[in-house]
Student: 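There's a structure below that I have some questions on.
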2 protein chains.
Amino acid sequence: MVIPTDDITGTDLLQTLTALAHPQRLRIVAALAEGRNYVSQLARDMRMSRPLLHMHLARLEAAGLVRSEMEVSDDGKAMRYVELAPFSVHVTPEVIAGAVAQGLDSTQAEE
Amino acid sequence: MVIPTDDITGTDLLQTLTALAHPQRLRIVAALAEGRNYVSQLARDMRMSRPLLHMHLARLEAAGLVRSEMEVSDDGKAMRYVELAPFSVHVTPEVIAGAVAQGLDSTQAEE
DNA sequence: GATACCTGTCAGTATCTTCTGACACATGGT
DNA sequence: ACCATGTGTCAGAAGATACTGACAGGTATC
């Protein structure tokens with residue numbers, strides 16, 4: 001799924017940007033670029049606590065940058081496999097101006 | 001100045017993303033897309049305190065998304081005019097993987 | 001000299017995000 | 001039954017960021 005940066009709302013653009021704007025999450029995306037993986041293994045690979053990884057993945061998935069699905073392994077364990085959504089985010093001043101015009105709900109309201 | 005997203009370091013990519021990943025700063029960029037402005041006027045336009053705007057602008061400028069210069073008006077006042085740097089940031093999984101490989105100094109060190 | 005603009009910075013507070021550790025549940029093998 | 005593996009969630013500590021208000025300095029006009 002490709003994220004269209006044209007005709008995007010400010011809120012969505014912001015969600016995409018905040019999802020990416022964190023060192024751990026960049027590392028996660030880089031790790032997933034090598035292929036899909038399940039959560040516990042990924043947590044071990046990156047030396048990150050599982051609850052923390054869970055939170056970061058939730059953030060990435062909410063932004064549509066990552067996809068996941070439950071699978072049952074041969075030995076019966078339920079495992080969540082995570083993979084990248086092949087996104088493409090193109091940001092320019094014009095894109096931002098358009099997005100903000102489409103609406104940006106921060107806690108700050110304009111008059 | 002266009003920010004090349006290819007062959008960028010993880011640290012630089014992160015700085016660019018964190019600079020953009022904030023509602024106020026998106027609004028600032030959108031406002032500056034209409035043309036350059038000086039700080040106090042811009043603060044009034046966006047109903048934002050001047051120290052706060054100052055901080056956001058510093059962040060945007062450090063990331064190379066905005067440029068500024070001091071000018072002296074006809075009536076002798078020193079004014080800082082701010083304008084957009086026409087950036088273009090293209091983010092894909094490949095770009096992120098490459099950037100992280102180029103180095104990402106978070107507070108987290110890998111073994 | 002007081003006022004009205006402009007500039008910048010600082011300390012302290014408030015708020016949000018990140019992170020840890022503990023808990024609960026499920027399955028299969030020893 | 002117990003241990004090892006997987007899943008998820010929660011409360012609270014820790015840390016980073018955003019934000020406010022007050023201060024300092026500058027020049028020109030009344």
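These figures come from a predicted structure and were not determined experimentally. Naming convention: chains lettered A, B, ... in sequence-line order (proteins, then strands); numbering from 1 in each chain.
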Student: Does A:H22 have a side-chain nitrogen or oxygen under 4.0 Å from the phosphate oxygens OP1 or OP2 of D:dA16?
Tutor: no

Student: Run the side-chain contact (heavy atoms from CB on, under 4.5 Å) check on B:Q102 and B:L13 step by step: do they pass?
Tutor: CA-CA 10 Å; B:Q102 299 281 320; B:L13 177 60; over 6 Å; no

Student: Of all the nucleotides listed (C:dC19, C:dT18, D:dT20), which has the minimum atom distance to the side chain of A:Q24?
Tutor: C:dC19

Student: Round to a whole Å and report the spacing from CD of B:E71 to C1' of D:dG26.
Tutor: 17 Å

Student: Which whole-number value in Å describes the distance from B:L57 CG to D:dA18 P?
Tutor: 13 Å

Student: With side chains defined as the heavy atoms from C-beta onward, is the minimum distance between B:V100 and A:V29 less than 4.5 Å?
Tutor: no

Student: Only counting residues at least two apart or in another chain, list the ones meeting salt bridge (charged side-chain N to carboxylate O under 4.0 Å, His left out) with B:E69.
Tutor: B:R36

Student: Consider only side-chain N and O atoms of A:E61 and A:S68, and report whether a donor and an acceptor are under 3.5 Å apart.
Tutor: yes

Student: Does anything in residues 6-27 of chain B pair up under ring-ring contact (aromatic ring centres under 6.0 Å, His included), and if so which pairs, sequence neighbours excluded?
Tutor: B:H22-B:H56

Student: For B:E69 and C:dT7, what is the distance between atoms CD and P respectively, to the nearest whole Å?
Tutor: 13 Å

Student: Is the shortest side-chain heavy-atom distance between B:L20 and A:I96 below 4.5 Å?
Tutor: yes

Student: For B:L42 and C:dC5, what is the distance between atoms CG and P respectively, to the nearest whole Å?
Tutor: 18 Å

Student: I need the CG-P distance between A:L14 and D:dT17, as an integer number of Å.
Tutor: 16 Å

Student: Whole angstroms only, please: what is the CG-C1' distance between B:L53 and D:dG21?
Tutor: 16 Å

Student: Find every protein N or O atom lying less than 3.5 Å from an N or O atom of nucleotides 4-7 of chain D, and list the pairs.
Tutor:
from  : atom 1 : to    : atom 2 : distance (Å)
D:dG6 : OP1    : A:Y38 : OH     : 2.9
D:dG6 : OP1    : A:R44 : NH1    : 3.4
D:dG6 : OP1    : A:R44 : NH2    : 2.6
D:dG6 : OP2    : A:R44 : NH1    : 2.9
D:dT7 : OP1    : A:V39 : N      : 3.4
D:dT7 : OP1    : A:R80 : N      : 3.4
D:dT7 : OP2    : A:S40 : N      : 3.2
D:dT7 : OP2    : A:S40 : OG     : 2.1
D:dT7 : O4     : A:R50 : NH2    : 2.7

Student: What nucleotide among D:dT20, C:dT20, C:dG28 has an atom nearest to a side-chain atom of B:S49?
Tutor: D:dT20

